[in-house]
There are 2 protein chains.
Amino acid sequence: MDDQNVISVIIVEDDNEIRQLMTFLIEKTNGFNCLASFSDCENALQPIIDLQPDVVLMDIELPGISGIQGILGLKEKVKNTDFIMLTIRDDDDSIFNSLKAGASGYILKDTAPAKILEAIVEVNQGGSPMTGSIARRITESFQPLGNSILSERENEVLTDLCKGMNYREIGEKHFISGHTVRTHIKTIYSKLHVHSRAEAVRKAIDQRLI
Amino acid sequence: MDDQNVISVIIVEDDNEIRQLMTFLIEKTNGFNCLASFSDCENALQPIIDLQPDVVLMDIELPGISGIQGILGLKEKVKNTDFIMLTIRDDDDSIFNSLKAGASGYILKDTAPAKILEAIVEVNQGGSPMTGSIARRITESFQPLGNSILSERENEVLTDLCKGMNYREIGEKHFISGHTVRTHIKTIYSKLHVHSRAEAVRKAIDQRLI
DNA sequence: TTGAAAATACCGCATACGGGCGATTGACCA
DNA sequence: TGGTCAATCGCCCGTATGCGGTATTTTCAA
């Protein structure tokens with residue numbers, strides 16, 4: 001078999017049964033090569049750096065260093081390796097923290113073996129394999145929430161606040177006095193439970209209010 | 001055919017040939033129903049609101065109102081309709097502005113007809129169909145850029161700045177004086193070309209520096 | 001080894017900001 | 001018709017911020 005067409009894989013998964021099944025699946029399938037498998041991040045880090053696999057299948061919940069922390073440490077050192085999270089967790093924090101850490105794929109452990117192999121191929125071809133519902137949650141994360149507790153005027157002011165405009169500038173833009181702008185900002189701070197522009201900007205962006 | 005299992009579709013596409021091909025494809029395929037098709041947004045808005053299709057295939061580049069603006073206006077009024085962008089443009093602005101507007105899928109016009117039908121089904125089932133490379137660009141958009149012009153210390157200070165901490169608090173956290181923090185912040189402002197905390201926070205988040 | 005960049009520290013000053021408190025108008029709703 | 005709320009305008013006050021400087025030490029690459 002031509003090594004150039006073989007996708008090399010390392011597995012990090014603490015459940016012995018799943019890890020052995022995955023290892024077996026990848027070892028025995030043409031076009032895939034399982035370089036190694038580990039039950040924790042600590043022991044996996046150095047081999048991943050040394051072996052530079054094409055793809056790492058990474059569990060999130062691991063004893064010691066989590067899969068997410070593991071990727072954070074590895075990302076700079078293995079530029080050509082793609083990470084797929086293979087996990088039972090599909091909560092927002094797990095998904096988005098994985099993506100922020102540098103994962104390119106996110107599939108659940110109950111995925112059919114054939115689909116897992118497909119995901120490995122897809123990520124290796126520059127894609128981002130994930131289940132439909134997770135993809136939807138990611139696309140929806142770009143949409144403003146909108147169901148804001150802020151009034152329309154307050155939203156306008158918050159938008160300008162995030163641009164770094166001061167009281168006077170915001171007031172002139174909307175033909176109201178700087179005093180009124182201040183009152184609006186005070187209300188905004190109170191509603192968002194913040195005490196400064198910096199916090200307000202951060203919260204506005206994080207919660208997609210603007 | 002059971003109407004409950006038929007996916008109703010409206011197409012908005014200014015290229016006559018493509019629009020007619022798409023319409024024909026959807027009309028003639030079992031399980032799909034093309035309620036209408038339009039060559040511009042202006043004429044499509046009201047029918048989409050009235051007919052509440054399951055899926056809208058929307059071009060981005062349209063004469064008059066763009067597809068993105070169209071979705072922005074429709075999203076609040078058709079809560080159960082999913083939008084798929086069907087476009088030749090795959091630049092970052094087009095992709096992310098579409099997602100921010102409320103698109104759930106993003107496929108290119110040169111996609112095979114069968115894949116387009118698959119995408120319609122997938123979006124209707126709560127997924128987010130898109131090509132592999134676009135999915136990858138979306139997942140990568142969550143990763144910090146890192147190749148920052150800021151020094152390590154400046155990054156730490158910027159991170160705390162984004163949390164709303166003041167000079168003194170930041171200084172105490174890193175065992176340096178508030179004066180030094182101010183100096184770092186001045187350098188940060190200069191490097192980011194901003195003049196206030198609010199702008200710095202926004203830029204830091206937008207450019208994924210933190 | 002020499003020079004640039006980073007990190008550290010300090011001063012003065014004008015202004016912006018945030019907290020607290022009060023007040024009027026108009027809309028809308030019960 | 002009374003009450004609530006958004007939107008508007010106002011004042012006082014203390015502090016944080018941003019901008020202008022200057023200067024020393026450390027670190028690291030040329």
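Labels below follow one simple rule: chain letters A, B, ... track the order of the sequence lines, proteins then strands, and each chain is numbered from 1. For clarity, every value in this text was computed on a predicted model and none was experimentally measured.
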(message) In this structure, how many angstroms lie between the P atom of C:dA6 and the NE2 atom of B:H184, rounded?
(response) 11 Å

(request) Compare side-chain N and O positions of A:Y167 against OP1 and OP2 of C:dT15 and report whether any pair is under 4.0 Å apart. (result) no

(request) Quick one: label A:T180 by what it contacts on the DNA or RNA (base, sugar-phosphate, nothing), any heavy atom closer than 4.0 Å. (result) base

(request) Please determine, for the side chain of A:T183, which listed nucleotide (C:dG19, C:dA6, D:dG10) has the closest atom? (result) D:dG10

(request) Would you kindly give the CD1-to-P distance between B:I170 and C:dT8, to the nearest whole Å? (result) 13 Å

(request) May I have the distance from A:E156 (atom CD) to D:dA6 (atom C1'), rounded to whole angstrom? (result) 13 Å

(message) Distance check needed: C:dC17 P versus A:E169 CD, whole Å only.
(response) 9 Å

(request) Determine, for B:R202 against B:E199, whether the closest basic-nitrogen to carboxylate-oxygen distance falls under 4.0 angstrom. (result) no

(request) Test the B:R137-B:F142 pair against the cation-pi criterion, namely NZ or CZ under 6.0 angstrom from the six-membered ring centroid and within 45° of the ring axis. (result) no

(message) Please determine whether a side-chain nitrogen or oxygen atom of B:S177 lies at a distance below 4.0 Å from atom OP1 or OP2 of C:dC10.
(response) yes

(request) Write down the distance between CG (A:N166) and P (D:dG18), rounded to a whole number of angstrom. (result) 12 Å

(request) Verify the contact: side-chain N or O of A:H195 to OP1 or OP2 of C:dG19, cut-off strictly under 4.0 Å; return yes or no. (result) yes

(request) Assign each of B:S196 and A:H179 to its nearest nucleotide of DNA chain D by heavy atoms, then name whichever residue's nucleotide is nearer the 5' end. (result) A:H179

(request) Please lay out, stage by stage, how B:N33 and B:S8 fare under the test side chain to side chain donor-acceptor pair (under 3.5 Å). (result) CA-CA 5 Å; B:N33 180 17; B:S8 58; over 6 Å; no

(message) Under the criterion salt bridge (Lys or Arg N to Asp or Glu O under 4.0 Å), I'd like the reasoning laid out for B:D90 against B:K109: C-alpha separation, chi angles, the key distance, then a yes or no.
(response) CA-CA 10 Å; B:D90 72 337; B:K109 285 186 188 175; over 6 Å; no

(message) From CD of B:E152 over to P of C:dA7, roughly how many Å is that when rounded to an integer?
(response) 8 Å

(request) Would you please confirm or rule out a distance under 4.0 Å between OP1 or OP2 of C:dC17 and any side-chain N or O of A:R197? (result) yes

(message) What is the separation between atom CD1 on A:I188 and atom C1' on C:dC17, rounded to the nearest whole Å?
(response) 14 Å

(request) Would you indicate what B:R182 reaches in the nucleic acid, counting non-hydrogen atoms under 4.0 angstrom: base, sugar-phosphate, or nothing? (result) base

(message) More than 12 heavy atoms of other residues, nucleotides or ligands under 6.0 Å from NZ of B:K173: yes or no?
(response) yes

(message) Can you identify which nucleotide, out of D:dG20, C:dG19, C:dC10, has its nearest atom closest to the A:K186 side chain?
(response) C:dG19

(request) Calculate the interatomic distance between A:R153 atom CZ and D:dA7 atom C1'; express it in whole Å. (result) 8 Å

